[in-house]
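Have a look at the structure below before the remarks.
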Amino acid sequence: MAITIAMFNNKGGVSKTTTTFNLGWILAERGHTVVMVDADPQCNLTGMVVDIKEDDALASFYKDNPGRNLRDALEPAFASRPKPLEPVDCVAVEGIDGLYLIPGHVGLAEDEVSLGIAQQLSESVQALKNLPGSFRFLFDITADALHADFVLLDLSPGLGAINQNLVATSDYFIVPASPDVFSVMALESLARVLPRWNRWAMNASQLEALSGADYPFPQPALKFLGTVIQRYRLKSGAATEGFRAYFDALDTAVETILTPALDKAGLLLERHKYDEAGMDQSLRLQSIPDFNSLITNSQQVRRPVFALTKEDMVSKGFVWDTQKASIDSFRALFTQLAERVEILTS
Ligand SMILES: Nc1ncnc2c1ncn2[C@@H]1O[C@H](COP(=O)(O)OP(=O)(O)O)[C@@H](O)[C@H]1O
Ligand SMILES: [Mg+2]
């Protein structure tokens with residue numbers, strides 16, 4: 001059975017999508033088979049894998065690839081079709097073996113309401129009883145079909161029914177954050193919401209209607225892997241002091257607010273696991289600096305910054321030697337991130 005990891009923060013722009021892509025890629029480089037899921041109706045992750053720069057490209061993609069996206073794949077459950085869910089024919093990510101994508105769909109947001117009603121914890125929702133278990137069921141059969149080791153869920157910001165479902169039915173979650181005042185506030189809200197979602201999932205899994213559904217609601221087993229801090233808001237050279245202060249504020253918020261709340265809710269791994277992974281009290285999986293100019297190349301060639309090659313750079317007019325050191329340092333950071341994820345989930 002594949003290990004499912006949700007990237008979650010109710011704040012946008014904290015690198016959830018970028019981290020999903022980069023972590024997925026490096027895990028695949030390390031020999032794992034990985035399925036990424038674009039569960040954000042904004043479809044940014046899909047845009048990193050499939051060329052959808054042209055205005056109508058996403059619409060053509062859906063037309064040319066029927067059923068090949070998260071929303072269409074779930075349609076048998078959401079439209080109560082007398083047809084079982086089937087594994088998604090994932091898109092193989094170009095340039096790397098073993099990395100796949102379940103593309104997103106802009107219309108997924110429309111399913112939020114039905115799912116919300118189905119998740120109201122009432123035995124009277126017979127007609128909707130298959131919805132709460134359908135996402136995890138789909139991920140499991142898709143991962144099984146590919147013999148995948150990991151499923152990485154890229155979520156939208158926000159606290160709606162879909163995120164509640166996807167986080168609470170995952171095995172693990174990572175919180176990407178950035179060193180600013182809003183991320184500190186977001187952690188406070190996560191400390192309140194995550195225990196609530198987990199309690200909901202515990203109750204849901206006890207409900208006869210949901211556990212006996214065609215797509216049974218899974219037994220919750222959620223655990224926190226840690227945060228990934230991106231420092232990309234830092235303007236070069238300037239504001240180092242203020243930035244440091246937010247870094248410290250984030251660590252403090254994790255240690256004094258998030259961790260105690262998760263601990264109380266049973267959402268932490270045993271301390272020795274984090275020790276084994278070389279993580280301290282801040283439970284920080286990794287800090288990633290600004291990609292600076294490498295981001296442009298990375299987006300052009302659809303490869304992570306750490307996987308850029310000489311050809312990728314030189315052909316775009318960059319001087320290789322000056323970029324190589326930077327690429328290598330990102331590789332070291334993402335390698336350590338992947339190692340930690342391997343250790344924590346083993
Ligand atoms: N370490 C980084 N350095 C520079 N830019 C980054 C970094 N991480 C993410 N970005 C950029 O920041 C923006 C937001 O990142 P994204 O992954 O889309 O965040 P989210 O999914 O949380 O909204 C994107 O344009 C992305 O390319
Ligand atoms: Mg995103």
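Read the numbers this way: they start at 1 and go in the same order the structure lists the ligands and their atoms. Scope of the values below: all heavy atoms of this structure, side chains included, with no hydrogens, waters or symmetry mates. Since this is a predicted model, take the numbers as computed values, not measurements.
- Between the Asn10 side chain and the Leu159 main chain, no donor and acceptor come within less than 3.5 Å of each other.
- With a 4.0 Å heavy-atom cut-off, ligand 1 is reached by the backbone of Pro289 but not by any atom from C-beta on.
- Ionic pairing of Arg71 and Glu110 is present here: one or more N-O contacts between side-chain nitrogen and carboxylate oxygen are shorter than 4.0 angstrom.
- Between Trp200 and Phe217, the angle of the ring planes goes over 60°, which puts this pair in the perpendicular group of the 30/60° scheme.
- Considering only non-hydrogen atoms, atom 2 (C) of ligand 1 lies nearest to Phe291 out of Phe330, Phe291, Phe21.
- Close approach of ligand 1 to Val14 (heavy-atom distance below 4.0 Å) involves ligand atoms 19 (O), 20 (P), 22 (O).
- Note on Ile343 and Leu337: separate hydrophobic clusters, where clusters join Ile, Leu, Val, Met, Phe, Trp and Tyr whose side-chain heavy atoms are under 4.5 Å apart, directly or indirectly.
- Note on Arg68 versus Asp89: salt bridge recorded, some NZ/NE/NH1/NH2 to OD/OE distance being below 4.0 Å.
- Here's the thing with Ile295: none of its N/O atoms is less than 3.5 angstrom from an N/O atom of ligand 1.
- Backbone and side-chain nitrogen or oxygen atoms of Thr19 are examined, and none is located within less than 3.5 angstrom of a nitrogen or oxygen of ligand 1.
- For Gln42, the heavy-atom gap to ligand 1 stays at 4.0 angstrom or more.
- When non-hydrogen atoms are compared, ligand 1 lies under 4.0 Å from the backbone of Thr18 as well as from its side chain.
- Remark: ligand 1 atoms within the under-4.0 Å shell around heavy atoms of Gln230 are 1 (N), 2 (C), 7 (C), 8 (N).
- An N or O contact shorter than 3.5 Å links Gln299 to ligand 1 by distance.
- With ligand atoms numbered from 1 in the order given, ligand 1 contributes 3 (N), 4 (C) to contacts under 4.0 Å with heavy atoms of Asp290.
- Between Gly12 and ligand 1, not a single N/O pair is under 3.5 Å apart.
- Not one N/O/S atom of Asn44, from backbone or side chain, sits under 2.8 Å from the Mg ion (ligand 2).
- Considering backbone and side-chain N/O atoms, Lys11 never comes within less than 3.5 Å of an N/O atom of ligand 1.
- The aromatic ring centres of Phe330 and Trp25 sit 6.0 Å or more apart.
- Annotation: Phe173 is not in aromatic contact with Trp197 [ring centroid separation under 6.0 Å not met].
- Side-chain atoms of Asn297 and Asp312 form no donor-acceptor pair, as typed in the model, at a separation below 3.5 Å.
- Within the 4.0 Å heavy-atom criterion, both parts of Lys16, backbone and side chain, lie near ligand 1.
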Exercise. Stepwise, does the side chain to side chain donor-acceptor pair (under 3.5 Å) test hold for Asp38 with Thr46?
Worked result: CA-CA 6 Å; Asp38 187 352; Thr46 305; 2.6 Å; yes
